[in-house]
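Since the model is a prediction, treat every value here as computed from it, not as a measurement. Just so you know, ligand 1 is whichever comes first in the structure, and atom 1 is the first atom listed for that ligand.
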Amino acid sequence: MYQAAENRYDSMEYMRSGRSGVLLPRISLGLWQNFGLEKSLEEQEAVLFRAFDMGITHFDLANNYGFPAVGSAEENFGSALRDGLGRYRDELFISTKAGFDFWPGPYGNWGSRKYLMASLDSSLKRMGLEYVDVFYHHRPDPETPLEETMGALSDIVRQGKALYVGISNYQAEEAEAAIRILRENKTPCLLHQPRYNMFERWAEDGLLELLDREGVGCICYSPLAQGALTGRYLDGIPEGSRASKKGSTIGGRYLTEDKLVKIRALDRVAGERGQSLARMALAWVLRRKEVTSVLIGASSIAQLEDNVKALDNLAFSREELAEIEGILKG
Ligand code: NDP
């Protein structure tokens, strides 16, 4: 049975999520990849337990997480809870989502009330939980009225199955409408979860400003561009890495020749700051005052520990930021 480290709150930093009562660790852990069937349960639990021992209280899931079997991440997280992590339920902040294709037929995808209600019930069963801390709509649905989707989120809160609600992958305009409806429903939006890293900056086109103005927290996913913004691919594609796996989107998206030139130049800047590239990439996302937390993935304890050390040096000089901009634009 896992027993948490007594000093688990000694070094992690926490930040308030928008205008809410919730504090989130600056670094949160997601279970999209690395928590499916490719690794033993013991290895997965070792990473989850180490994360909590370092003060990472927030774990992010979704109905479809777990490779190659969707849903397996929630099942494995449920095992970790039963193997001791669950003793600390009141110290944990657990999220799940629905919005992508999950079961066959017309009711297992997008944003209907029918889908969201049923999906959360099945997520709770897989994890063995009575409630999650936050339930997200995973992506906007162009066909379903926003009032229906947001109404389902609000009712889920009223049923006690989620304490808060959030949205993910909504562009600024869509997010603004969703935030307004949730506020009218008296279940304010706690968090928005956009993809944001040095290579993907659409969140800067109005979304971050909107979240700040509306008092909604922001938790950025894939801050390391799925591992591209680390030392992982500086000498090719290592066996077992995410890019080496079938169906991976990293190669085409982030490991093109022009991006690799940038990654090497960024690695040099990180070295001058006395940081690994991974730590600098995380600090760069956290430099924005609107960002509550970065949502990382980790396939080992060593990666997790490297990433948490990002908090030792979050400050950038004006010259360093300009140099990074120059490399990214180059
Ligand atoms: P990251 O950008 O943090 O990429 C994680 C990967 O980077 C790891 O699996 C590992 O790759 C590599 N890595 C991490 N740390 C290091 C390090 N220090 N040195 C070298 N390599 C490192 O995030 P993800 O893309 O995994 O996304 C994180 C979370 O965000 C997900 O688990 C999920 O919770 C959430 N998410 C949400 C989405 C949404 O639509 N809302 C979509 C995608 C993610 P390797 O496995 O090769 O070792």
Side-chain angles (χ1 to χ4, degrees), residues 24 27-36 38-39 43-44 47-48 50-51 56 58-67 72-74 76-77 93-101 132 134-140 166-171 175 191-200 202-203 218-245 248-251 253-255 263 267 270 275-286 293-311:
L24 291 182
I27 295 182
S28 302
L29 181 64
L31 284 80
W32 173 35
Q33 311 239 348
N34 312 315
F35 294 89
E38 11 28 346
K39 284 200 172 73
E43 283 174 283
Q44 298 180 31
V47 174
L48 295 169
R50 180 74 186 116
I56 296 181
H58 180 30
F59 296 91
D60 181 69
L61 295 106
N63 55 0
N64 59 346
Y65 286 180
F67 183 81
S72 53
E74 288 184 331
N76 293 339
F77 189 68
F93 205 78
I94 301 167
S95 57
T96 193
K97 323 181 187 77
F100 283 93
D101 197 7
V132 287
V134 57
F135 183 61
Y136 289 94
H137 188 220
H138 210 155
R139 61 164 166 179
I167 52 177
S168 179
N169 297 309
Y170 278 58
Q171 303 278 332
L191 276 171
H192 188 301
Q193 191 177 121
R195 182 190 289 141
Y196 183 50
N197 60 54
M198 285 176 176
F199 289 143
E200 290 185 276
W202 66 264
C218 179
I219 178 161
C220 300
Y221 76 77
S222 297
L224 300 172
Q226 294 200 47
L229 288 166
T230 71
R232 195 95 166 103
Y233 300 105
L234 289 174
D235 303 307
I237 298 181
E239 206 177 315
S241 65
R242 199 181 289 182
S244 72
K245 291 181 189 154
S248 155
T249 50
I250 313 177
R253 204 181 264 174
Y254 303 120
L255 299 178
I263 291 167
D267 186 54
Q275 268 182 325
S276 67
L277 175 54
R279 289 181 220 166
M280 183 176 85
L282 296 176
W284 184 89
V285 173
L286 289 168
S293 181
V294 281
L295 185 45
I296 60 160
S299 64
S300 66
I301 288 181
Q303 288 182 356
L304 185 69
E305 291 178 344
D306 181 25
N307 296 340
V308 169
K309 286 202 190 96
L311 300 177

**Study point:** Ligand-side contact atoms (ligand 1) for residue partner Ser241, heavy atom cut-off under 4.0 Å
**Key:** 47 (O)

Exercise for review: Specify whether Tyr254 and Phe199 have parallel, tilted or perpendicular ring planes, treating 30° as the upper limit for parallel and 60° as the lower limit for perpendicular.
Suggested key: parallel

Point to revise | Heavy-atom side-chain contact between Arg242 and Asn34 under 4.5 Å | key: yes

Revision key, fill the gap. Here the atoms of ligand 1 under 4.0 Å from any heavy atom belonging to Thr230 are 16 (C), 19 (N), 20 (C), 21 (N), 22 (C)

Check your understanding: Does some non-hydrogen atom of Tyr65 fall short of 4.0 Å from ligand 1?
Key -> yes

Practice item. Using distance alone, determine whether Gly297 and ligand 1 share an N or O pair under 3.5 Å. Key: yes

**Study point:** Nearest option to atom 12 (C) of ligand 1, as decided by whichever heavy atom of Pro223, Pro238, Gly227 sits closest
**Key:** Gly227

Practice item. Provide the number and element of each atom of ligand 1 under 4.0 Å from a heavy atom of Asn169. Key: 39 (C), 40 (O), 41 (N)

Review point. Would you say Asn76's side chain and Gly36's backbone share a donor-acceptor pair under 3.5 angstrom?
Key: yes

Exercise for review: Report yes or no: does Ala225 have a heavy atom closer than 4.0 Å to ligand 1?
Suggested key: yes

Check your understanding: With distance as the sole test, does Lys97 use its side chain to make a donor-acceptor pair with the main-chain N or O of Asn63 at under 3.5 Å?
Key -> no

Revision key, fill the gap. Asp60 heavy atoms within 4.0 Å reach ligand 1 at atoms 33 (C), 34 (O), 35 (C)

Exercise for review: Answer yes if the side chains of Gln193 and Tyr136 hold a donor-acceptor pair under 3.5 Å, and no otherwise.
Suggested key: yes

Review point. In Å and rounded to the nearest 0.5 Å, what is the OG1 to CG distance from Thr230 to Asp306?
Key: 8.5 Å

Review point. Given side chains that start at C-beta, do those of Val294 and Asn307 come closer than 4.5 Å, heavy atoms only?
Key: no

Practice item. Go through ligand 1 atom by atom and flag the ones less than 4.0 Å from a non-hydrogen atom of Ile296. Key: 3 (O), 28 (C)

Practice item. Determine, using heavy atoms of Tyr254 and all atoms of ligand 1, whether some pair is separated by less than 4.0 Å. Key: no

Check your understanding: For Arg232, is at least one N or O under 3.5 Å away from an N or O on ligand 1?
Key -> yes

**Study point:** ligand 1 N/O within reach of Leu224 N/O, cut-off under 3.5 Å
**Key:** yes

Practice item. Please could you name the atoms of ligand 1 that Tyr233 approaches to less than 4.0 Å, counting only its heavy atoms? Key: 47 (O)

Point to revise | Element-labelled atoms of ligand 1 that are located less than 4.0 Å from some non-hydrogen atom of His138 | key: 39 (C), 40 (O), 41 (N)

Review point. Hey, which atoms in ligand 1 end up nearer than 4.0 Å to a heavy atom of Asp306?
Key: 17 (C), 18 (N)

Check your understanding: Where does the angle between the aromatic ring planes of His138 and Phe100 fall among parallel (under 30°), tilted (30 to 60°) and perpendicular (over 60°)?
Key -> perpendicular

Practice item. May I ask you to check if ligand 1 and Gln33 share an N or O to N or O distance below 3.5 Å? Key: no

Point to revise | Gly240, any N or O under 3.5 Å of ligand 1 N or O | key: no

Check your understanding: Does an N or O anywhere in Ala298 fall below 3.5 Å from an N or O of ligand 1?
Key -> no

Practice item. To the nearest 0.5 angstrom, please state how far the CZ atom of Phe77 sits from the CG atom of Asp60. Key: 10.0 Å

